[in-house]
Amino acid sequence: MRPHLMDCGGAEYACCKGIPVIVFPTRKDKEDVFSAEDLVIALKSLKVDFILLAGYLKLIPAALIRAYPKAILNIHPSLLPAFGGKGYYGMKVHKAVIASGARYSGPTIHYVDEQYDTGCILAQRVVPVLAKDTAEELAARVLHEEHKLYVEVSAALCEERITWREDGVPLIQSKENPNNYR
Ligand SMILES: Nc1nc2c(c(=O)[nH]1)N[C@@H](CN(C=O)c1ccc(C(=O)N[C@@H](CCC(=O)O)C(=O)O)cc1)CN2
Ligand SMILES: NCC(=O)N[C@@H]1O[C@H](COP(=O)([O-])[O-])[C@@H](O)[C@H]1O
């Protein structure tokens, strides 16, 4: 195991399953700089169709967004547009939700555009914020929903059950009843 992968669960899992791993951006102490354009070439050569962000904490460069239109998703641990944007990640989000007195929170899955957390919202789930919640307790409640929601949305993506409303809002067609959307 390459040492720089030891702090990334997803990379460790991929390595164990024989799935190619690319670290981006390459750590600053490395001489060879791997550009966003290099990353696009690598992803296209690996025939990557979709990019799903989960806990990725750097700004996705415009070159990657242009190369993967309507194909990059992110999961954020609040009900966007609330508690999103630069500086809102991980436990910082849940602390801000609790400090605001909000009674509900939950995960948002959205398309990635060139700013943090401003892309089209695709799916959300709601969980209660309890009066005596710590940030850790709220984070665990939201994360439980995140893990279910990302699987549902990934299935819809792969089964081509995502359509776009005339006003540009993406909808997920129900697998059980194609006449239902959410
Ligand atoms: N082009 C985009 N890139 C990314 C998006 C996006 O919507 N568009 N989403 C983020 C994920 N994210 C929230 O869901 C998020 C991640 C990180 C930050 C942030 O403020 N980062 C800090 C640096 C943190 C660090 O390096 O430890 C910063 O930029 O100062 C905000 C939101 C992923 N990329
Ligand atoms: N704004 C981005 C952001 O805060 N993403 C959040 O980071 C956590 C990653 O969990 P993990 O480290 O267990 O995968 C998840 O809760 C995800 O929503």
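Side chains are part of it too, since the values below use all heavy atoms of this structure and drop only hydrogens, waters and symmetry mates. The residues of the chain are indexed from 1 along the displayed sequence. Atoms within each ligand, like the ligands themselves, are counted from 1 in listed order.
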- Item | Identity and distance of the protein heavy atom lying nearest atom 3 (N) of ligand 1 | I60 N, 2.9 Å
- Task: Check Y116 against ligand 1 and report side chain, backbone, both or neither, counting heavy atoms closer than 4.0 Å.
- Result: both
- Item | For ligand 1, the portion of Q115 having any non-hydrogen atom under 4.0 Å away | backbone
- Note on the structure: Ranked by distance from atom 16 (O) of ligand 2, the top protein heavy atom is E146 OE2, 2.9 Å
- Message: Taking distance alone, with N or O pairs closer than 3.5 Å, would you say N74 contacts ligand 1?
- Response: yes
- Which residue owns the protein heavy atom closest to atom 1 (N) of ligand 1, what's the atom, and how far is it? D113 O, 2.8 Å
- Sub-3.5 Å N/O-N/O distance, L53 and ligand 1: no
- Task: Around atom 31 (C) of ligand 1, find the nearest protein heavy atom and jot down its residue, atom name and distance.
- Result: G85 O, 3.4 Å
- Task: Give a yes/no on ligand 1: does G87 have at least one heavy atom closer than 4.0 angstrom to it?
- Result: yes
- Item | Identity and separation of the nearest protein heavy atom to atom 14 (O) of ligand 2 | A54 O, 4.4 Å
- Query: Would you say H76 has any N or O atom under 3.5 Å from an N or O of ligand 2, going by distance alone?
  - Reply: yes
- Message: Using only atom types and a distance under 3.5 Å, with no angle test, would you say the side chain of R141 pairs donor to acceptor with the backbone of P128?
- Response: yes
- Message: Could you identify the single nearest non-hydrogen protein atom to atom 4 (O) of ligand 2 and state the distance to 0.1 Å?
- Response: G90 N, 2.7 Å
- Y88, any N or O under 3.5 Å of ligand 1 N or O: no
- Query: Going through the distances and angles, do I60 and L53 end up as a side chain to side chain contact (heavy atoms under 4.5 Å, CB included)?
  - Reply: CA-CA 10 Å; I60 296 292; L53 308 181; 3.7 Å; yes
- Query: Are V48 and I19 linked, directly or through other ILVMFWY residues, by side chains that come within less than 4.5 angstrom of each other?
  - Reply: no
- Keeping the roles fixed (side chain from S174, backbone from P178), state whether a donor-acceptor pair exists under 3.5 Å. no
- Item | Donor-acceptor under 3.5 Å (T108 side chain, L80 main chain) | yes
- Does R161 reach the main-chain N or O of Q173 with its side chain, forming a donor-acceptor pair under 3.5 Å? yes
- Derivation and outcome, side chain to side chain contact (heavy atoms under 4.5 Å, CB included), residues Y181 and T163: CA-CA 9 Å; Y181 294 82; T163 61; 3.6 Å; yes
- Hey, is Y88 touching ligand 2 through its side chain, its backbone, both or neither, going by heavy atoms under 4.0 Å? backbone
- Message: Checking the side chain of Y116 only, and the main-chain atoms of L59 only, is there a donor and an acceptor separated by less than 3.5 Å?
- Response: yes
- Using a side-chain heavy atom cutoff under 4.5 Å and only I, L, V, M, F, W and Y, what cluster partners does Y88 have? F83, V93, V97, I98, V127, V129, L138, V142
- Message: Would L143 count as a contact residue for ligand 2, given that I'm defining contact as a non-hydrogen atom of the residue lying under 4.0 Å from a ligand atom?
- Response: yes
- Item | Closest approach of any protein heavy atom to atom 9 (C) of ligand 2, naming residue and atom | G55 CA, 3.8 Å
- Applying the side chain to side chain contact (heavy atoms under 4.5 Å, CB included) test to I109, which of I121, I75, L157 qualifies? I75
- Query: Starting from atom 17 (C) of ligand 1, which protein heavy atom do you reach first, and at what distance in Å?
  - Reply: L57 O, 3.4 Å
- Any donor-acceptor pair under 3.5 Å linking the side chain of R182 with the backbone of N180? no
- Item | N or O pair under 3.5 Å between I65 and ligand 1 | no
- Mind checking whether K86 has an N or O less than 3.5 Å away from an N or O of ligand 1? yes
